[in-house]
Trainee: 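Can you read through this structure? Questions will come right after.
As the structure is a computational prediction, the values presented were derived from the model and not from experiment.
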2 protein chains.
Amino acid sequence: MLGPMIEARHLRVLRAVARTGSYSAAARQLGCTQPAVSQQMKALELSAGTPLLVRTGRETRLTEAGEALVRHAAGILAGLTAAEEEVAALAGLRAGRVRIVSFPSGSSTLVPTAVAAMRNDHPGTRVSLVEGEPPGSVEMLRAGDCEIALAFRYAPSPEWDDLVVRPLLTDRLVGLVPGTHRFAGEPVVGIGTLAEEPWIAGCPRCRGHLVDVCERAGFTPRVDFATDDYPAVVGLVGAGLGVAVLPELAVRSVRTHGVATVRLEPDVRREVVALTLPDLARVPVVGGMLDRLEAAAG
Amino acid sequence: MLGPMIEARHLRVLRAVARTGSYSAAARQLGCTQPAVSQQMKALELSAGTPLLVRTGRETRLTEAGEALVRHAAGILAGLTAAEEEVAALAGLRAGRVRIVSFPSGSSTLVPTAVAAMRNDHPGTRVSLVEGEPPGSVEMLRAGDCEIALAFRYAPSPEWDDLVVRPLLTDRLVGLVPGTHRFAGEPVVGIGTLAEEPWIAGCPRCRGHLVDVCERAGFTPRVDFATDDYPAVVGLVGAGLGVAVLPELAVRSVRTHGVATVRLEPDVRREVVALTLPDLARVPVVGGMLDRLEAAAG
DNA sequence: GGTTCCCTCCAAGCCCGCCTTATGCTCGGC
DNA sequence: GCCGAGCATAAGGCGGGCTTGGAGGGAACC
């Protein structure tokens, strides 16, 4: 910076002096000593290039320049105070907006609970929600189109290494078979025993993982239907058109008429996580939302 | 003040970062090094209680709090710049007002010349003038009703010890006698030789001083007329109604029909000075006016 | 007129904050 | 895989601000 600039502190001191009419009184009001005020005013007058106040006897009056500065100081300090208050509101969770992108079944259970808690605890905050899955949701996160992305993973995900990954819950995959199926009622079903069944797959990522699991069990599933609409999957299974593997969380929110759920062997789990950027995790409204998502999952 | 307050410097840095999108570019724009910007932003985020910008890859974006601060910063920094400009205008004599109180005969000669010079050199400045004499004019000075008081004195004036006394010129007192008087045409007249003349006195202060001078010369003048209107004094002398003693400067601006001016013995002088307060003398427009008054007197 | 109190300035010292240089790290781009 | 740019961090130097202590001056009060 070339040349000394006027700082807000100077204006605060000047205003206090102008109000109280005395250096000592201004110092008391500002909570410092009188020489401090004296030095501030000297520095301000030096940078102004002209005296700002004249003292005759015990009375202090402003010069033209002093009056000009005090006049401007009112607006400047008011703006500064408004800025501080707005930031304090954001920091104190009395305001703020957080945008969440969630995968479909997560938004139907986890998110509503967390949003309700957030709204209850901090009514000034606003939460918006859209549905989306990785990698699109992560792209939105990186592009600044949302602050939190809810996602799930079946395995470690190195592509999220630069993100904050907050684990929310782990979701066991369960098998769905028609109620009349020979495995209905079995406590545990080996996945290999379903090798010859017709399959109904979920979303593309789930379908990819399903194929992986089946191939590790020694067969390639024959997928007759694929849809990311969980009730549709359940309906298709209930109609006897095949078997399916779905997250327990997804099944729980669907009425399962004529469908039996069975535990699978081997045990397959998916991890539901909240993703955000490291910097964003430190933003109060984002951190608060993450905490409440975690609480809603617990 | 408890707690760190937001300072204008912080907002300048934040705005530069927001504009350039990079700490390094902001540092170049601000004319400092990159770690300086880094520290400023860290301090600002600390006092804000929330991150102000998020960096994903090489792109930096503002958070809500950052946007709020930048939004306020526009107005605050604009106000600050306006204040600085206004003060700079006052300091650079592109603006400013100076109020002068002058004794009557000074305002008719000295002041117009000085005001014309001031207006010519610094058209943005404004000069106002009212007539008044000590002690009233000095009282106005101390009360803040004017910045410069023009006055004269016949002797040292300890009551002005706390003021800035700028000598402008010294004015010899001359005797005025009717053109038909026996002393008309004399090069020098001893004041004692006028002991028996009828006197015509000027303003009260001048009259007081006249009595002092005469008493030192051994007589008490018989004052038939007293008026602070110099043309009237000259007129009375010209009509043969008495003799008078007037400042040369006052006589010079009056047409002197039928009046002879004579040098007095002893030589009596009055000093014309400009008075102001020590603080005010440092105000550019006041100092400039004092300089031009001095120049006009020289 | 003397005394007293308050305000202000001045000098010295301390401390904190800012800026700088130097270094290591990460991330994109070639 | 290499290179350049940008950012963070640590240490050092430096200036500025605040404080304490003291002296001077003015006004009010006795």
Trainee: OP1 or OP2 of dG28(C) sitting under 4.0 Å from any side-chain N/O of R55(B)?
Mentor: no

Trainee: Looking at residues 35-45 of chain A, who's got a heavy atom less than 4.0 Å off DNA chain D?
Mentor: P35(A), A36(A), Q39(A), Q40(A)

Trainee: So, does T20(A) use its side chain to make a donor-acceptor pair with the main chain of A25(A) at under 3.5 Å?
Mentor: no

Trainee: To the nearest Å, how far apart are L30(B) CG and dT20(C) P?
Mentor: 11 Å

Trainee: Does NZ or CZ of R55(A) fall inside the cone over Y23(A)'s six-membered ring, less than 6.0 Å from its centre and within 45° of the axis?
Mentor: yes

Trainee: Would you confirm whether H122(B), through its side chain, and M118(B), through its main-chain N or O, come within 3.5 Å as a donor-acceptor pair?
Mentor: no

Trainee: Report yes if at least one side-chain N or O of S24(B) is closer than 4.0 Å to OP1 or OP2 of dA5(D); otherwise report no.
Mentor: no

Trainee: Can you work out whether R28(B) or C32(A) has the more 5'-proximal nearest nucleotide on DNA chain D?
Mentor: R28(B)

Trainee: Is a donor on one side and an acceptor on the other found under 3.5 Å between the side chain of T276(B) and the backbone of E147(B)?
Mentor: yes

Trainee: Rounded to the nearest Å, what distance is computed from the CG atom of residue L277(A) to the P atom of nucleotide dC27(C)?
Mentor: 13 Å

Trainee: L53(A) CG to dC9(C) C1': how many Å, rounded?
Mentor: 14 Å

Trainee: Under 3.5 Å, side chain of E131(B) to main-chain N/O of S102(B), donor-acceptor pair present?
Mentor: no

Trainee: Rounding to an integer number of Å, can you tell me how far L46(A) CG sits from dG17(D) P?
Mentor: 11 Å

Trainee: Looking only at side-chain atoms of R9(B), point me to the closest of dC9(C), dT20(C), dC19(C).
Mentor: dC19(C)

Trainee: Could you tell me how far apart Q34(B) (CD) and dA10(D) (C1') are, to the nearest whole angstrom?
Mentor: 13 Å

Trainee: Report the distance from atom CG of D279(A) to atom P of dT26(C), rounded to the nearest whole Å.
Mentor: 16 Å

Trainee: Atom CD of E7(B) and atom P of dC19(C): how far apart are they, to the nearest Å?
Mentor: 13 Å

Trainee: Taking 4.0 angstrom as the limit, do R71(A) and E86(B) come out as a salt bridge?
Mentor: yes

Trainee: Check whether any side-chain nitrogen or oxygen of S22(B) sits under 4.0 Å from OP1 or OP2 of dG6(D), and answer yes or no.
Mentor: no

Trainee: What pair of heavy atoms forms the shortest contact from R9(A) to E7(B), and how long is it?
Mentor: N-OE1, 3.2 Å

